[in-house]
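Keep in mind that this is a model prediction, so the values were computed, not measured.
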Amino acid sequence: MKESKNMTNKYDEAFERSIKDPQAFWGEVAEDCHWYKKWDKVIDDSNKPFYRWFVGGEINTCYNALDYHVDNGKGDQTALIYDSPVTDTIKKYTYTELRDEVAKFAGALADQGVSKGDRVIIYMPMIPEAAIAMLACARIGAVHSVVFGGFAAKELATRIEDAKPKVIVSASCGIEGKKVIPYKPLLDEAINISASKPEHCIVFQRPMETASMTDGRDIDWNEAMTKAEPHDCVPVAATDPLYVLYTSGTTGQPKGVVRDNGGHVVALKWTMKAIYDIDEGDVFWAASDVGWVVGHSYIVYAPLFKGATTILFEGKPVGTPDAGVFWRIISEHKVKSLFTAPTAFRAIKREDPEGEFIRKYDLSDFKILFLAGERSDPDTIQWSEKNLGVPVIDHWWQTETGWAICANCMGLHHFPVRYGSPTKSVPGWNVQVVDPECRPVKAGDIGALVVKLPLPPGTLPTLWNNDDGYVKAYLEEFPGYYKTADAGYIDEEGYVYVMSRTDDIINVAGHRLSTGAMEEVLSDHPDVAECAVLGVEDKLKGQIPVGFMVLKAGVTKANDEIIREVIQMVRERIGPVAAFKTATVVKRLPKTRSGKILRGTIQKIADNKEYKVPATIDDPATLGEMEEALGSIGYAKSRKD
């Protein structure tokens, strides 16, 4: 199919301008946002490598998300739909209703002495009050730090110590599938072991669990709301922090990723149309959690900046009640675009391999599926394309970046999908591939994926109270570039291929090989629902790849036969050089709560090294299952510390 030159130019023109003249490009985009005071300079590079966007400008994130639309006559439009199959609840808020709730809770925070620059930790399940608390912090210029609800007390404590919050906002419990998880005992323990103590905790009591309250410190959410007066938006500097989001550090100490106010509003509002093809009034659903960056960017902030309707979902892709829940929500709420992790679709595909649930619902309003959070294997993309009949778009980004580095920008131009690639660099992102000496490599050669500085607006300007850590973690190894810590290549036409984390490039007898490429082959097997390939230590070859496969529901073929077939497939597609001779079938793979496979931990178990149970793990029992599986193929006499 020949591409229309005009259509292609819309992306090409935006990309070229954003790289050659970022001042003009982002300055123009920023005109679409509400400012109390316009910026003096679009980008300030006077203190490299610390670049700052929209210096001198004054803005309020909450005003841009809510009041702006109310003041422009859109107050009756639906802003947020809370859909909770675990509590059998659907609740809708118009822009006016959400603004009023947020203004009230901003007043409740102010009543507890919270003001501009103070930190507030939010430790909540997927309920509307979580989004209300985030927006209320933004309204008064407080810095929020959302911690995934139900996170272990020790992990919560390290975040309390680092952020030093004046107030913590929590709820009595969360619901994981059919289980009620009490939050308050975890919160009390975290405060107890943390050297930093909040002055107050505001607790939302849910009917399924009543939290015990500490006199003098804990305040009931509803009581606080009854007493509070609505609070106006407080103008803040564009460069003031909006939030701190902690991501696991390699040292075991969490890294506090900082997001500023100005660049964040500008970039995220622009992405809604440019990347996701969402206009004002459209319904957008990011099936994530507010504890992760996707929940910040694309449940709470970007859709509201755009004047769209966002969905906040409390449930799982399967089991609440079945593998058809996504299709029910898309059909019922007329969702135009869904954004979720490939692991959600692998879970659905495993339960419903023929897509029978999909055909039970009217999905005529559904136009595009976006996947991100880990590599999207071609098999999952093809299954989705076949069963949904809409474009399935893989895109690549990170907690640190806040929005997509590479994507098929559906509002600019729909490029042909190439399996295994998140398409091209998004305007603003100058992605390059370099070798360990920071030299550019040839098109098609694997190297470290890096981004030429400055990073676009909406990305991390630094780490919380840790400028040195920011430079060391991201800027030191490749001077003049941001290190993504991903490996891959860019082809002749500018398509980027993210093969694996740089530590997933394994060295087999001197050959640098991508475990991601091998995973693609395994996931192509008709009986494999999901898989992981890891490099484990080998005395002869340095490292050798080992495959782990979870089979689809209803598979009757013998495991040994499937293992033989995948080994042959890797031999045929990648070659004998891959030395792929060992694989095993497992019931499930150890994952984080957001669905990422814990490859590093599995590798340590296989190599018989000490490991810590990661704080983000969804079910610790999976590690025992993995030890057993590895033991059956001659690895892992493991011990954890």
Side chain proximity check, Met569 to Leu522, heavy atoms < 4.5 angstrom
no

Measuring from atom OG1 of Thr515 to atom CZ of Phe580, what distance do you get when rounded to the nearest 0.5 angstrom?
10.5 Å

Is there side-chain contact between Asp491 and Val496, with at least one heavy-atom pair below 4.5 Å?
no

Any chance you could lay out the side-chain contact (heavy atoms from CB on, under 4.5 Å) test for Met126 and Val290, step after step, and finish with the verdict?
CA-CA 7 Å; Met126 284 293 286; Val290 291; 4.0 Å; yes

d(Glu400 CD, Leu245 CG) to nearest 0.5 Å is 9.0 Å

Between Met134 and His296, does the side-chain contact (heavy atoms from CB on, under 4.5 Å) criterion hold? Intermediate values first, please.
CA-CA 9 Å; Met134 291 166 74; His296 283 60; 3.8 Å; yes

N-O pairing of Arg350 and Glu530 below 4.0 Å:
no

Note: Pro22 and Val42 closest approach over all heavy atoms is O-CG1, 4.3 Å

Within a strict 4.5 Å, meaning less than it, do heavy atoms of the Tyr301 and Leu242 side chains meet?
yes

Cation-pi, Phe415 ring and Lys424 (6.0 angstrom, 45 degrees)
yes

Would you find more than 12 non-hydrogen atoms of other residues, nucleotides or ligands less than 6.0 Å from Glu492 atom CD?
no

Would you check if there is a donor-acceptor pair between the side chains of Lys591 and Thr343 at a distance under 3.5 Å?
yes

Nearest heavy atoms of Ala308 and Ile278, plus distance in Å:
CB-CG2, 3.8 Å

Counting distance only, does the side-chain N/O of Lys334 pair as donor-acceptor with the main-chain N or O of Val283 below 3.5 Å?
no

Quick one: does any side-chain atom of Asn64 pair with a main-chain N or O of His34 as donor and acceptor, under 3.5 Å?
yes

Working to the nearest 0.5 angstrom, can you tell me the gap between Asn408 CG and Asp394 CG?
10.0 Å

Determine, stepwise, if the pair Val392 / Phe370 fulfils side-chain contact (heavy atoms from CB on, under 4.5 Å).
CA-CA 6 Å; Val392 179; Phe370 289 89; over 6 Å; no

For residues 283-292, pull every pair meeting side chain to side chain donor-acceptor pair (under 3.5 Å), keeping only residues two or more places apart or in separate chains.
none

Could you tell me whether the side chains of Tyr470 and Glu476 share a donor-acceptor contact shorter than 3.5 Å?
no

If you round to the nearest 0.5 Å, how far is OG of Ser337 from CG of Asp365?
11.5 Å

Using every non-hydrogen atom in the two residues, find where Ala287 and Thr340 come nearest and quote the distance to one decimal.
O-OG1, 3.4 Å

More than 12 heavy atoms of other residues, nucleotides or ligands under 6.0 Å from CD of Glu354: yes or no?
no

Thinking salt bridges, do Arg346 and Asp379 make one under a 4.0 Å N-O criterion?
no

For residues Gln432 and Asn430, is any side-chain donor paired with an opposing acceptor at under 3.5 Å?
yes

Could you check Trp403, Tyr276, Trp429 and say which one makes a ring pair (Phe, Tyr, Trp, His ring centres under 6.0 Å) with His395?
Tyr276

Distance in Å, Asp260 CG paired with Leu460 CG, rounded so as to fall on 0.5 Å steps
10.0 Å

Any ring pair (Phe, Tyr, Trp, His ring centres under 6.0 Å) involving residues 347-367? Give me the pairs, sequence neighbours left out, ordered by first then second residue.
none

Tyr482-Gln398 side chain donor-acceptor pair, cut-off 3.5 Å
yes

Regarding Arg17 and the six-membered ring of Phe25, is the cationic atom NZ or CZ under 6.0 Å from the ring centre and inside 45° of its axis?
no

Could you pull out every donor-acceptor pair under 3.5 Å between side chains of residues 263-273 and any protein atom, sequence neighbours left out?
| unit_1 | atom_1 | unit_2 | atom_2 | d |
| --- | --- | --- | --- | --- |
| Lys269 | NZ | Asp32 | O | 2.8 |
| Thr271 | OG1 | Leu268 | O | 2.7 |
| Thr271 | OG1 | Tyr298 | OH | 2.7 |
| Lys273 | NZ | Asp277 | OD1 | 2.6 |
| Lys273 | NZ | Asp279 | OD1 | 3.4 |
| Lys273 | NZ | Asp279 | OD2 | 3.3 |

May I ask you to say whether Asp435 pairs ionically with Arg439, meaning some side-chain N is under 4.0 Å from a carboxylate O?
yes

Okay, side chain of Thr399, backbone of Val293: is any donor-acceptor separation there less than 3.5 Å?
no

At what distance, to the nearest 0.5 angstrom, does CD1 of Ile19 lie from NZ of Lys452?
10.0 Å

Val586 side chain reached by Met549 side chain, heavy atoms, under 4.5 Å:
no

Partner residues of Lys557 under the salt bridge (Lys or Arg N to Asp or Glu O under 4.0 Å) criterion, sequence neighbours left out:
Asp527, Glu565

I want to check something: taking the side chain as every heavy atom from C-beta on, are Val433 and Pro440 in contact at a cut-off of under 4.5 Å?
no

Minimum heavy-atom distance Arg259-Gly458, with the two atoms named
CD-O, 3.0 Å

Is a side-chain donor or acceptor of Ser297 paired with a backbone partner of Val294 at a separation under 3.5 angstrom?
no

Short side-chain to backbone donor-acceptor contact, Gln603 and Gly535, under 3.5 Å:
yes

Run the salt bridge (Lys or Arg N to Asp or Glu O under 4.0 Å) test against Glu332 and tell me which residues pass, sequence neighbours left out.
Arg328

Glu351 and Ala323: which non-hydrogen atoms are nearest, and at how many Å?
CB-CB, 3.8 Å

Quick one: do the Asn261 and Thr61 side chains pair a donor with an acceptor below 3.5 Å?
yes

Between Thr310 (side chain only) and Pro303 (backbone N and O only), is there a donor and an acceptor less than 3.5 Å apart?
no

Quick one: sort the Trp397 and Phe339 rings into parallel, tilted or perpendicular, breaks at 30° and 60°.
tilted

Residue from His69, Lys306, Lys74 passing side-chain hydrogen bond (donor to acceptor under 3.5 Å, both in side chains) with Glu280:
Lys74

Worked check of side-chain contact (heavy atoms from CB on, under 4.5 Å) between Leu338 and Phe326
CA-CA 9 Å; Leu338 166 66; Phe326 273 27; 3.8 Å; yes

Between Arg599 and Glu519 (salt bridge meaning N to carboxylate O under 4.0 Å), is one present in this structure?
yes

Quick check: closest heavy atoms across Gly420 and Tyr497, and the distance to 0.1 Å?
O-CD2, 3.5 Å

Whether Thr309 side chain and Thr78 backbone form a donor-acceptor pair below 3.5 Å:
yes

Test ring-ring contact (aromatic ring centres under 6.0 Å, His included) on Phe345 and Trp327 and set out the steps.
CA-CA 12 Å; Phe345 266 64; Trp327 323 128; 5.7 Å; yes

Does the side chain of His333 come within less than 4.5 Å of Ile311's, by heavy atoms?
yes

Using the test salt bridge (Lys or Arg N to Asp or Glu O under 4.0 Å), find all partners of Arg588 that sit at least two apart in sequence or belong to another chain.
Asp619, Glu625

